[in-house]
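Notes follow once the structure below has been shown.
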Amino acid sequence: MIKLHDIRYCRVGVSNLEDATRFATDILGLDIARRDGGAVYFKSDDRDHTLVYFEGDPRDHVVAFEAGSPEEIEQAAAQLERAGMPVRYGSDAERDARRVRAMIAFREPSGTQIELVFRPGHSGRRYHGRRDAGITGFSHVGLCTTDSRRDEQFWTRMCSAQVSDWIGEAPLLRIDEVHHKIALFPTTRSGIQHINHQVEGIDDLMRSWYFLRERGVRIVFGPGRHPTSGARFLYFEGPDGLVYEYSTGVRSITAADVEAGYRPRQFPFDPTGFCMWGSKPDIPEFRS
Ligand SMILES: CC(C)C(=O)/C=C/C(C(=O)O)=C(/O)C(=O)O
Ligand SMILES: [Fe+2]
């Protein structure tokens, strides 16, 4: 089984790197870690970086997870190749650019590129966004799936994820105690469906709601509260139409909760399963 210790970073192609960089800093509230080889590396917490924009195809997305040792990376490569999933080892230049000691890349069953990395860099510099959005860190991704049952099997049988809840056929998957770090949303494409950053509290969420609207950023869902994770949320559109989410108050599912009988729940894939307050999404993958 491929043990996923944590989600680490997203790499996203953008059609205009400078416009996208202005969005990341002035609107989303991230901090620039560095510019390197036609890409911009952004910080959202103590990690070296958690988001990378590079000038390229906006459908070109990568999501990275942390492995616990070089041996775990070797075992993952062997397991993936035995399953007929081609694996590529990162070059020296790729490892250096990502500040990781080891790296493999493969495509998960719906086609999104996944990187598994070892000893990713930790920043000696505190995160401090140019805009105080109250961000406490990058937390999860919504991933597109062209076959949710197949991909749920991949993430929970070949990898170490566990289902926390389902919304229709969309599994919300945890890899640690946080309710989910991956959510799979049925659609016809591959790639990242949305990128989530946690914020400190509901005041940060509501301040951003006013801030984003005043700057003409399209709000596509919320403010609302998910019945699944209990998180209060706000979804909005970023460069090339990629959806971003601020949320706060996501629940944990501890070993004690599981011991006490926590089991995944089946929520309806309709607005009552998406939001407890009555917000309705204007997001293609969330249309019931
Ligand atoms: C609108 C989607 C289907 C939804 O409800 C997602 C749930 C959650 C959550 O429970 O926090 C997410 O954050 C998510 O999947 O991104
Ligand atoms: Fe989310």
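All residue numbers in this chain count up from 1 along the given sequence. Counting convention: from 1, in listed order, for ligands and their atoms alike.
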Could you see which bit of [X] sits under 4.0 Å from ligand 1, with heavy atoms only: side chain, backbone, both or neither?
X	answer
F267	neither
F274	both
H179	neither
F221	side chain
N196	neither

Against heavy atoms of [X], which atoms of ligand 1 measure under 4.0 Å?
X	value
H180	8 (C), 9 (C), 10 (O), 11 (O), 12 (C), 13 (O), 14 (C), 15 (O), 16 (O)
A183	15 (O)
I167	3 (C), 4 (C), 5 (O), 6 (C), 7 (C)
T228	7 (C), 9 (C), 10 (O)

Worksheet item: Using 30° and 60° as the class limits, which term best fits the ring planes of F185 and F286: parallel, tilted or perpendicular?
Response: perpendicular

Discussion item. Students often mix this up, so state it plainly: with edges at 30° and 60°, are the rings of F65 and W155 parallel, tilted or perpendicular?
Written reply: tilted

Item to complete: Can you pull out the closest protein heavy atom to atom 11 (O) of ligand 1? Residue, atom name and distance to 0.1 Å, please.
Response: S229 OG, 2.7 Å

Worksheet item: Tell me: protein heavy atom nearest atom 15 (O) of ligand 1, and distance?
Response: F185 CZ, 3.2 Å

Any luck finding a side-chain donor-acceptor pair between [X] and [Y] under 3.5 Å?
X	Y	answer
T228	D165	no
R150	S110	yes
E285	H194	no
Y89	E94	no
N196	Q198	yes

Worksheet item: Would F233 count as a contact of ligand 1 if the rule is a heavy atom under 4.0 Å away?
Response: no

Worksheet item: Could a heavy atom of H194 be found less than 4.0 Å from some atom of ligand 1?
Response: yes

Worksheet entry | N, O or S of H226 under 2.8 Å from the Fe ion (ligand 2) | no

Practice prompt. Confirm or rule out an N/O/S atom of H180, from backbone or side chain, lying less than 2.8 Å from the Fe ion (ligand 2).
Written response: no

Worksheet entry | Name of whichever N/O/S atom of H140 is nearest to the Fe ion (ligand 2) | NE2

Discussion item. Suppose we only allow N, O or S atoms; which atom of E245 ends up nearest to the Fe ion (ligand 2)?
Written reply: OE1

Item to complete: Would you please test M103 and R88 for side-chain contact (heavy atoms from CB on, under 4.5 Å) and show each step?
Response: CA-CA 9 Å; M103 169 198 145; R88 182 177 65 79; 4.1 Å; yes

Fill in: Residues R125 and D31 bridged, charged N to O under 4.0 Å
yes

Discussion item. Counting neighbours of CZ on R101 that are heavy atoms of other residues, nucleotides or ligands and sit closer than 6.0 Å, is the number greater than 12?
Written reply: no

Item to complete: Check A105 against E115 and note the closest heavy-atom contact, atom names and distance.
Response: CB-CG, 4.2 Å

Discussion item. Among R232, E245, R287, H226, which one puts a heavy atom closest to atom 7 (C) of ligand 1?
Written reply: H226

